[in-house]
Peer 1: 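What follows is a structure written as structure tokens; I'll ask about it next.
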2 protein chains.
Amino acid sequence: MLSMPRRVALPTNQPDDAEDPANQHGPDALARLRRELARGTAELAVLSVLTSGRRYGYELLKLLERTGAGVLEVKEGTLYPLLHRLEDAGQIAATWEVEGRARPRKYYDITPAGRAHLAVLRAEWTELVNAMHRLLDALDKVEK
Amino acid sequence: MLSMPRRVALPTNQPDDAEDPANQHGPDALARLRRELARGTAELAVLSVLTSGRRYGYELLKLLERTGAGVLEVKEGTLYPLLHRLEDAGQIAATWEVEGRARPRKYYDITPAGRAHLAVLRAEWTELVNAMHRLLDALDKVEK
DNA sequence: GCACATACCTTGTTACGCAAGGTATGCGGT
DNA sequence: ACCGCATACCTTGCGTAACAAGGTATGTGC
């Protein structure tokens with residue numbers, strides 16, 4: 001314990017309370033915060049949307065952007081690699097459609113494997129939400 | 001469109017449905033899935049716990065490990081850097097306590113700035129959960 | 001002495017999400 | 001014809017949080 005302070009109950013970092021709350025919630029900080037919170041939910045969101053029917057990539061982009069005030073929004077750099085990953089894993093199937101269209105589109109369908117995976121994801125998400133709910137709303141009930 | 005398939009509505013990846021569901025949910029895959037889903041929630045969880053009273057690092061580790069069947073578990077490599085980040089940001093205060101103990105412990109208290117930040121985090125988390133809830137339970141009601 | 005628990009620290013790796021860049025075509029206006 | 005914008009898809013480098021794994025140190029029981 002050579003590097004340990006010898007003084008008793010001395011705060012190691014005095015926060016400046018009057019300034020930090022204001023500076024921390026500008027547009028950039030809020031965007032980062034949202035990003036981090038929503039991280040990991042893209043897969044669940046995409047598979048969920050696909051259960052109600054096939055969609056092409058750009059359509060998924062637009063749809064997720066509009067869902068829930070944008071909290072589920074993902075960017076192309078996220079969505080397309082994710083779609084490719086899901087396809088490689090056999091959870092979705094992709095088909096190019098060219099006939100009867102002015103331009104081709106790549107449609108995605110969820111597979112039975114994808115539906116099975118989604119069921120697991122849903123269960124895990126529910127657990128997470130319930131656990132967090134317990135923390136946020138009933139902290140004194142958490143066992144020690 | 002030189003690289004575009006010329007055939008119509010041809011699946012680009014034929015999944016093997018009988019095998020994928022079984023192989024994807026072994027212990028490692030489930031652990032990865034949980035990790036990704038919970039990603040970004042550590043900060044919310046830690047600040048929430050601290051609102052009901054000061055705690056030292058190891059205690060937080062154990063407590064989160066036990067909460068909700070382990071879905072909120074974080075490892076040291078995650079927790080301590082997070083605690084340091086929160087301290088640097090003025091959201092928590094850290095104090096070493098050595099007197100009257102067999103060994104020193106580093107206690108963490110949430111600051112007023114931390115409480116303000118937590119309120120924002122909670123609001124964003126609630127939005128995310130509601131949005132996802134809408135996707136999962138009422139897909140046909142999502143606007144096109 | 002040793003093994004394990006308690007308590008904290010740190011770094012390199014992993015993996016996802018974003019920014020930014022790219023390709024291509026269609027459409028409307030000039 | 002050109003241009004700007006929309007539609008549609010692709011990809012890579014960067015940033016960041018989480019983990020694995022390594023480390024320090026002390027206390028306890030055998």
Side-chain angles (χ1 to χ4, degrees), chain A residues 1-5 12 28-29 31-46 55-65 70-89 94-98 101-108 121 128, chain B residues 1-5 12 28-29 31-46 55-65 70-89 94-98 101-108 121 128:
Chain A
M1 304 200 304
L2 294 179
S3 62
M4 200 82 71
T12 59
D28 286 348
R32 185 203 68 84
L33 185 154
R34 280 183 170 177
R35 178 194 314 160
E36 289 304 329
L37 267 186
R39 207 167 175 114
T41 57
E43 189 171 324
L44 180 59
V46 167
R55 305 214 184 246
Y56 57 93
Y58 192 73
E59 189 181 15
L60 284 168
L61 275 182
K62 291 299 172 185
L63 199 144
L64 290 174
E65 182 184 328
V71 294
L72 291 179
E73 178 182 0
V74 295
K75 305 298 168 74
E76 300 95 302
T78 298
L79 181 66
Y80 290 109
L82 172 61
L83 289 172
H84 297 156
R85 284 203 305 276
L86 291 175
E87 187 185 356
D88 290 344
T95 53
W96 281 107
E97 294 208 356
V98 288
R101 323 200 32 72
R103 73 174 63 190
R105 275 183 182 155
K106 193 170 183 184
Y107 277 84
Y108 295 94
L121 271 179
L128 179 64
Chain B
M1 303 198 307
L2 292 180
S3 62
M4 204 80 74
T12 58
D28 287 348
R32 185 204 69 85
L33 185 155
R34 279 184 169 176
R35 178 194 312 159
E36 289 303 327
L37 266 186
R39 207 170 174 107
T41 57
E43 189 171 322
L44 180 59
V46 167
R55 306 215 184 245
Y56 56 94
Y58 192 73
E59 188 180 15
L60 283 168
L61 275 182
K62 292 300 172 184
L63 198 144
L64 290 174
E65 183 184 329
V71 293
L72 291 178
E73 178 182 0
V74 294
K75 304 299 169 71
E76 299 96 303
T78 297
L79 180 66
Y80 290 109
L82 171 61
L83 290 172
H84 296 156
R85 284 200 308 270
L86 291 176
E87 187 185 354
D88 289 344
T95 53
W96 281 108
E97 295 209 354
V98 288
R101 332 196 25 74
R103 72 175 62 193
R105 275 182 185 152
K106 192 169 183 181
Y107 277 83
Y108 297 95
L121 272 179
L128 179 63

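Chain identifiers are assigned alphabetically (A, B, ...) following the order of the sequence lines, protein sequences preceding nucleic acid strands; residue numbering begins at 1 within each chain. These numbers were taken from a predicted model, which means no experiment stands behind them.
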Peer 1: Is the distance from OP1 or OP2 of D/dC10 to the nearest side-chain N or O of A/Tyr80 less than 4.0 Å?
Peer 2: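 The answer is no; no side-chain N or O of A/Tyr80 sits under 4.0 Å from OP1 or OP2.
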Peer 1: Could you check how far OH of B/Tyr107 sits from C1' of C/dA7, rounded to whole Å?
Peer 2: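 Rounding to the nearest Å, OH of B/Tyr107 and C1' of C/dA7 are 11 Å apart.
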Peer 1: Choose from C/dC16, D/dA18, D/dA8 the nucleotide whose nearest atom is closest to any side-chain atom of A/Arg103.
Peer 2: D/dA8
Peer 1: Let's see if you can work this out: which of D/dC9, D/dA20, C/dC9 has an atom nearest to the side-chain heavy atoms of B/Lys75?
Peer 2: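 Looking only at heavy atoms from C-beta outward on B/Lys75, the closest nucleotide is D/dA20.
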Peer 1: Could you check which of C/dC18, D/dC9, D/dA18 has an atom nearest any side-chain atom of B/Ala42?
Peer 2: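 Minimum distance to the B/Ala42 side chain belongs to D/dA18.
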Peer 1: Determine: side-chain N/O of B/Thr78 to OP1/OP2 of D/dA17, distance under 4.0 Å, yes or no.
Peer 2: no
Peer 1: Within less than 4.0 Å of OP1 or OP2 of D/dA6, is there a side-chain N or O belonging to A/Lys62?
Peer 2: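 A/Lys62 to D/dA6 OP1/OP2: no side-chain N or O under 4.0 Å.
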Peer 1: What nucleotide among C/dC9, D/dA8, C/dT6 has an atom nearest to a side-chain atom of A/Arg105?
Peer 2: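 Closest nucleotide among those given: D/dA8.
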Peer 1: Rounded to the nearest angstrom, tell me the gap between atom OH in A/Tyr56 and atom P in D/dC10.
Peer 2: 14 Å
Peer 1: Which value, rounded to the nearest 0.5 Å, describes the distance between A/His84 atom NE2 and A/Leu79 atom CG?
Peer 2: 9.0 Å
Peer 1: Which value, rounded to the nearest 0.5 Å, describes the distance between B/Leu61 atom CG and B/Tyr80 atom OH?
Peer 2: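 Those atoms lie 5.0 Å apart.
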Peer 1: Write down the distance between CD (B/Glu65) and P (C/dA5), rounded to a whole number of angstrom.
Peer 2: 12 Å
Peer 1: Measure CZ/A/Arg39 against C1'/D/dC14 and give the value in whole Å, please.
Peer 2: 12 Å
Peer 1: When all nucleic acid strands are considered with a 4.0 Å heavy-atom cut-off, which category describes B/Gly77: base, sugar-phosphate, or nothing?
Peer 2: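 Base contact - B/Gly77 has a heavy atom under 4.0 Å of at least one base atom.
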Peer 1: What is the nucleic acid contact for B/Glu43, judged by heavy atoms within less than 4.0 Å: base, sugar-phosphate only, or nothing?
Peer 2: nothing
Peer 1: Nearest whole Å is fine: how far is D/dT7 P from A/Leu79 CG?
Peer 2: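 For the pair A/Leu79 CG and D/dT7 P, the rounded distance is 16 Å.
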Peer 1: Give the nucleotide from the list D/dT11, C/dT10, D/dA17 with an atom nearest to the side chain of A/His84.
Peer 2: D/dT11
Peer 1: How many whole angstroms separate atom CD of B/Glu76 from atom P of C/dT10?
Peer 2: 13 Å
Peer 1: When the nearest nucleotide of DNA chain C is assigned to A/Glu73 and to B/Leu61 on a heavy-atom basis, which residue is associated with the more 5' position?
Peer 2: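 The answer here is B/Leu61.
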Peer 1: Mapping A/Tyr58 and B/Gly40 to their closest nucleotides on DNA chain D, which lands nearer the 5' end?
Peer 2: A/Tyr58
Peer 1: Between atom CG in B/Leu60 and atom P in C/dC9, what is the gap in whole Å?
Peer 2: 12 Å
Peer 1: To the closest 0.5 Å, what do you measure between CG (A/Leu121) and CG (A/Leu128)?
Peer 2: 11.5 Å
Peer 1: Starting from the C-alpha separation in whole Å, work towards a yes-or-no answer on side-chain contact (heavy atoms from CB on, under 4.5 Å) for A/Val74 and A/Val46.
Peer 2: CA-CA 10 Å; A/Val74 295; A/Val46 167; 5.6 Å; no
Peer 1: May I have the distance from A/Asp88 (atom CG) to D/dC10 (atom P), rounded to whole angstrom?
Peer 2: 12 Å
Peer 1: In Å, rounded to the nearest 0.5 Å, how long is the span from CD of B/Glu59 to CG of B/Leu64?
Peer 2: 10.5 Å
